[in-house]
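Any value given below was found using the heavy atoms of this structure, including those in side chains, with hydrogens, waters and symmetry copies removed.
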Amino acid sequence: MTAPASDGASPIRVRFAPSPTGDLHVGGVRTALYNWLFARRQGGVFILRVEDTDEARSTEQSTRAILDGMAWLGMHADEGPFFQSDRTELYRAKLAELVASGGAYRCWCSKETLDERRAAFEREKKSFRYERTCRGRTEGPSPDAPFVYRAKLPADGEVVVDDLILGEVVTDNRELDDFVLARGNGSPVYNFCVVVDDIDMRVTHVIRGGDHLANTPKQIHLYDLFGVPRPKFAHLPMIHGMDGKKLSKRHGAASIMQFKELGYLPETMLSFLARLGWSHGDQEVFEVEELQRLFDLKECGKSAGIFDMKKLDWQNGLRIRQMAPVALLDRCKPFLDAKGLDSSAAWLPRAVVLVQERARTLVEAVNGLTMFFDRGTTVKFDEKSATKFLTPANRALVAELADCLAPVEPWLSPDLERAATAFLAERGLDMKQVGQPARVALTGGTVSPPLFDCMEVWGRDVTLARLRGVV
RNA sequence: GCCCCCAUCGUCUAGCCCGGUCAGGACACCACCCUUUCAAGGUGGACACACGGGUUCGAAUCCCGUUGGGGGUACCA
């Protein structure tokens with residue numbers, strides 16, 4: 001926020017413009033993030049605009065998902081959220097303006113006719129473009145014949161998109177259609193709404209997914225038709241799943257809220273997603289403030305990326321380990337509550353520490369915590385572990401250990417370990433020989449946090465009962 | 001089919017613009033160390049310039065082609 005805007009007179013304005021036709025997935029989140037970071041870095045304005053002009057596909061639930069996701073990640077809009085469905089008046093007016101200036105015209109060709117023409121072209125292996133049949137017409141076949149509005153594009157020449165990431169992308173105007181601006185029922189179509197809104201909202205930089213690159217030439221013509229300057233464009237490479245295909249639930253998760261449920265931290269998502277497509281030297285992990293200070297479109301790559309869950313896990317684990325234990329516990333609470341576990345248990349702060357360096361997600365942390373909620377004096381043994389370690393001789397040894405631990409005061413891990421070490425020394429035994437049997441006796445299995453730490457969390461009574469319970 | 005975009009380890013990437021480095025880092029992987037188990041940590045290792053032509057004394061870097069991947073081709077966004 002120390003970086004100055006371009007010239008003070010015209011502050012940078014960017015927008016994230018998702019359509020509420022499904023979950024907010026990581027690709028969309030990254031687009032939002034880059035816009036947001038760009039705005040923050042440049043001291044600009046970040047706008048959120050929901051593109052819900054497709055009544056058939058837009059749902060309130062998806063809108064909710066977008067808003068919830070943005071809130072969870074802490075990406076707050078400076079302006080908006082705006083909804084295109086609230087702005088139909090504006091589109092109507094701008095369309096009329098374009099018609100008046102000759103930039104748009106009515107087309108009475110039915111969808112069926114067009115489909116037929118398209119099929120005919122396909123049969124001849126030629127690419128179809130609207131043939132501009134109605135370009136000169138002033139009235140339809142009948143007074144009440146339905147029509148759409150189309151943009152009047154130049155028949156030749158070329159458009160060049162000077163993309164901030166990709167460089168110059170030149171398109172021959174002959175590749176372009178007189179595309180539809182508004183449907184037969186008068187409702188405007190995407191390519192028209194974006195441009196009208198971006199003009200109206202004074203958007204200076206359009207930063208969006210690469211799937212929009214092909215739309216850009218058309219949109220540029222609209223800017224020209226309106227006689228207003230074009231914004232700058234930046235098209236981000238796409239994100240794919242581990243198999244190189246489009247990201248979906250098969251890859252673990254796609255929707256941002258799924259990551260929340262899986263126990264990933266929002267700051268991990270931000271840092272990780274920022275780094276997928278952008279880099280700053282060799283740095284791998286970024287705090288949000290750093291991103292806001294460092295993010296630069298010039299450091300964005302052009303090639304599509306693959307979302308690597310393993311690396312996400314690593315970074316999330318890293319952050320969990322670096323967190324203050326109380327903070328971690330706090331983050332775990334919703335998950336604890338969801339499992340019906342008492343998140344106010346007195347021993348929880350001590351247990352969290354044990355689980356902290358072993359968890360990569362909050363879910364894993366809570367799973368690690370779960371066994372401590374069992375305060376019973378007996379445990380169910382894991383079959384294999386019991387067979388292997390709870391031999392008659394070992395059972396006796398564990399019981400003896402219990403006797404030697406019984407008087408330890410205070411009941412703290414270091415004191416317990418000291419007592420156990422002495423016990424072992426007396427018998428010329430090694431920790432290796434009692435460790436696992438005792439662990440199985442105490443926890444039921446062979447994997448757990450350090451033995452004496454566990455004993456401390458369970459307390460004297462539970463621990464002794466379990467150790468002695470094996471004979 | 002046509003148009004467009006992209007191309008460095010399995011993955012994210014640095015290097016490319018302004019040709020000359022043992023092509024660097026991170027995740028994952030393997031080995032070893034640490035160790036009461038699991039983690040964490042430490043050390044080491046294997047691993048890439050898609051291919052083919054140019055240009056050049058010299059190409060991952062510049063140019064062309066091929067191949068591969070992706071996007072678009074709607075009265076979707």
Side-chain angles (χ1 to χ4, degrees), chain A residues 17-21 51-54 56-58 84 107 109-111 114-115 118 121-122 124-129 146-150 161 163 166-167 169-172 174-177 179-185 187-191 193-194 209-217 235 237-238 240 242 244-246 272 275-285 299 301-315 317-318 321 354-360 368 385 389 417 420 424 430-440 443 445-452:
Chain A
S19 58
T21 53
E51 312 223 315
D52 55 353
T53 51
D54 185 345
R57 294 199 306 149
S58 297
Q84 290 190 324
C107 166
C109 299
S110 72
K111 183 151 193 187
L114 259 17
D115 285 346
R118 203 187 318 277
F121 270 70
E122 207 149 305
E124 291 174 52
K125 297 210 178 301
K126 290 203 291 191
S127 57
F128 174 77
R129 267 170 291 269
F147 57 86
V148 300
Y149 284 97
R150 287 181 182 275
V161 182
D163 196 276
L166 298 172
V169 180
V170 182
T171 302
D172 191 312
R174 282 169 297 199
E175 298 294 333
L176 269 24
D177 245 355
F179 60 99
V180 173
L181 299 172
R183 301 181 179 91
N185 65 8
S187 69
V189 150
Y190 168 74
N191 274 315
C193 296
V194 227
D211 49 343
H212 288 288
L213 180 60
N215 287 321
T216 310
H235 288 93
M238 321 230 55
H240 296 131
M242 251 323 193
K245 300 267 173 53
K246 211 173 224 146
F272 184 77
R275 193 58 184 58
L276 214 187
W278 169 80
S279 64
H280 187 71
D282 284 339
Q283 190 170 345
E284 296 287 346
V285 179
E299 292 173 323
K302 301 176 176 182
S303 47
I306 287 177
F307 192 93
D308 186 354
M309 286 284 179
K310 289 274 186 58
K311 194 164 183 177
L312 211 224
D313 282 342
W314 161 73
Q315 187 171 153
L318 189 68
R321 267 173 265 135
L354 305 186
V355 133
Q356 184 160 24
E357 52 192 313
R358 293 169 176 75
R360 291 171 306 182
S385 309
F389 292 106
E417 180 160 11
L424 292 170
D430 197 70
M431 188 66 88
K432 281 190 169 63
Q433 292 160 276
V434 249
Q436 287 303 72
R439 190 183 311 281
V440 176
T443 71
T446 52
V447 178
S448 84
L451 196 51
F452 302 106

Categorize [X] for me: base, sugar-phosphate, or nothing, with a 4.0 angstrom heavy-atom threshold over every strand shown.
{"X": "A:Glu175", "answer": "sugar-phosphate"}
{"X": "A:Val169", "answer": "sugar-phosphate"}
{"X": "A:Pro237", "answer": "nothing"}
{"X": "A:Ser19", "answer": "sugar-phosphate"}
{"X": "A:Ser279", "answer": "sugar-phosphate"}
{"X": "A:Thr443", "answer": "nothing"}
{"X": "A:Tyr149", "answer": "nothing"}
{"X": "A:Gly301", "answer": "nothing"}
{"X": "A:His212", "answer": "base"}
{"X": "A:Pro217", "answer": "nothing"}

Only pairs with both distances under 3.5 Å count, Watson-Crick or wobble alike; so what is the partner of [N] in this structure?
{"N": "B:C75", "value": "none"}
{"N": "B:C62", "value": "B:G54"}
{"N": "B:G44", "value": "B:C30"}
{"N": "B:A7", "value": "B:U67"}

Considering only the [atom1] atoms, how many Å lie between [N] and [M], rounded to the nearest integer?
{"N": "B:C47", "M": "B:C12", "atom1": "C1'", "result": "15 Å"}
{"N": "B:C30", "M": "B:A39", "atom1": "P", "result": "11 Å"}
{"N": "B:C2", "M": "B:C49", "atom1": "P", "result": "31 Å"}
{"N": "B:G72", "M": "B:C29", "atom1": "P", "result": "34 Å"}
{"N": "B:A26", "M": "B:U21", "atom1": "P", "result": "22 Å"}
{"N": "B:C63", "M": "B:U55", "atom1": "C1'", "result": "7 Å"}
{"N": "B:U73", "M": "B:C27", "atom1": "P", "result": "40 Å"}
{"N": "B:C9", "M": "B:A48", "atom1": "P", "result": "9 Å"}

Exercise for the section: Flag yes if more than 12 heavy atoms outside A:Arg174 fall under 6.0 Å of its CZ atom; otherwise flag no. Expected result: no
With heavy-atom distances below 4.5 Å as the criterion, would you say the side chains of [X] and [Y] are in contact?
{"X": "A:Val194", "Y": "A:His212", "answer": "no"}
{"X": "A:Val189", "Y": "A:Phe179", "answer": "no"}
{"X": "A:Thr446", "Y": "A:Val440", "answer": "yes"}
{"X": "A:Pro20", "Y": "A:Ser58", "answer": "yes"}

Nearest to the side chain of [X], which nucleotide is it out of [options]?
{"X": "A:Ser127", "options": "B:G70, B:G25, B:C2", "value": "B:C2"}
{"X": "A:Glu417", "options": "B:U36, B:G24, B:G70", "value": "B:U36"}
{"X": "A:Lys111", "options": "B:C5, B:C75, B:C76", "value": "B:C75"}
{"X": "A:Asp308", "options": "B:A77, B:G10, B:U37", "value": "B:G10"}
{"X": "A:Leu213", "options": "B:U36, B:C5, B:C75", "value": "B:C5"}
{"X": "A:Ile306", "options": "B:C38, B:U11, B:G70", "value": "B:U11"}

Is any N or O donor-acceptor pair between the side chain of [X] and the base of [N] shorter than 3.5 Å?
{"X": "A:Asp211", "N": "B:G72", "value": "no"}
{"X": "A:Asn191", "N": "B:A77", "value": "no"}
{"X": "A:Lys302", "N": "B:A7", "value": "no"}
{"X": "A:Glu284", "N": "B:G25", "value": "yes"}

Practice task
Could you tell me the separation between the CZ atom of A:Arg275 and the CD atom of A:Gln283, rounded to the nearest 0.5 Å?
Solution key: 9.0 Å
Exercise for the section: Mind telling me whether A:Trp278 and A:His280 have parallel, tilted or perpendicular rings, with 30° and 60° as the class edges? Expected result: parallel
So, does [X] get its side chain near the phosphate of [N], meaning an N or O under 4.0 Å from OP1 or OP2?
{"X": "A:Arg321", "N": "B:G41", "result": "yes"}
{"X": "A:Arg183", "N": "B:A77", "result": "yes"}
{"X": "A:Arg275", "N": "B:A26", "result": "no"}
{"X": "A:Ser303", "N": "B:G70", "result": "no"}

Rounded distance in Å - [atom1] ([X]) to [atom2] ([N]):
{"X": "A:Asn215", "N": "B:A74", "atom1": "CG", "atom2": "P", "result": "11 Å"}
{"X": "A:Glu299", "N": "B:U13", "atom1": "CD", "atom2": "P", "result": "13 Å"}
{"X": "A:Trp314", "N": "B:A26", "atom1": "CH2", "atom2": "P", "result": "9 Å"}
{"X": "A:Leu181", "N": "B:A77", "atom1": "CG", "atom2": "P", "result": "12 Å"}
{"X": "A:Lys310", "N": "B:A28", "atom1": "NZ", "atom2": "C1'", "result": "6 Å"}
{"X": "A:Leu276", "N": "B:A26", "atom1": "CG", "atom2": "P", "result": "18 Å"}
{"X": "A:Leu176", "N": "B:A74", "atom1": "CG", "atom2": "C1'", "result": "14 Å"}
{"X": "A:Arg129", "N": "B:C4", "atom1": "CZ", "atom2": "P", "result": "11 Å"}

Practice task
Evaluate the salt bridge (charged side-chain N to carboxylate O under 4.0 Å, His left out) criterion for residues A:Asp115 and A:Arg118: first the C-alpha distance (whole Å), next the side-chain angles of each, then the deciding distance (0.1 Å), finally the verdict.
Solution key: CA-CA 5 Å; A:Asp115 285 346; A:Arg118 203 187 318 277; 3.6 Å; yes
Exercise for the section: Return yes if a side-chain donor-acceptor contact under 3.5 Å exists between A:Ser187 and A:Arg183, otherwise no. Expected result: yes
Problem - RNA chain B: 5'-proximal contact among A:Gly305 and A:Ser448 (nearest heavy atom) - result: A:Gly305
Exercise for the section: Using heavy atoms to find the nearest nucleotide of RNA chain B for A:Gly281 and A:Leu318 separately, return the residue whose nucleotide is more 5′. Expected result: A:Gly281
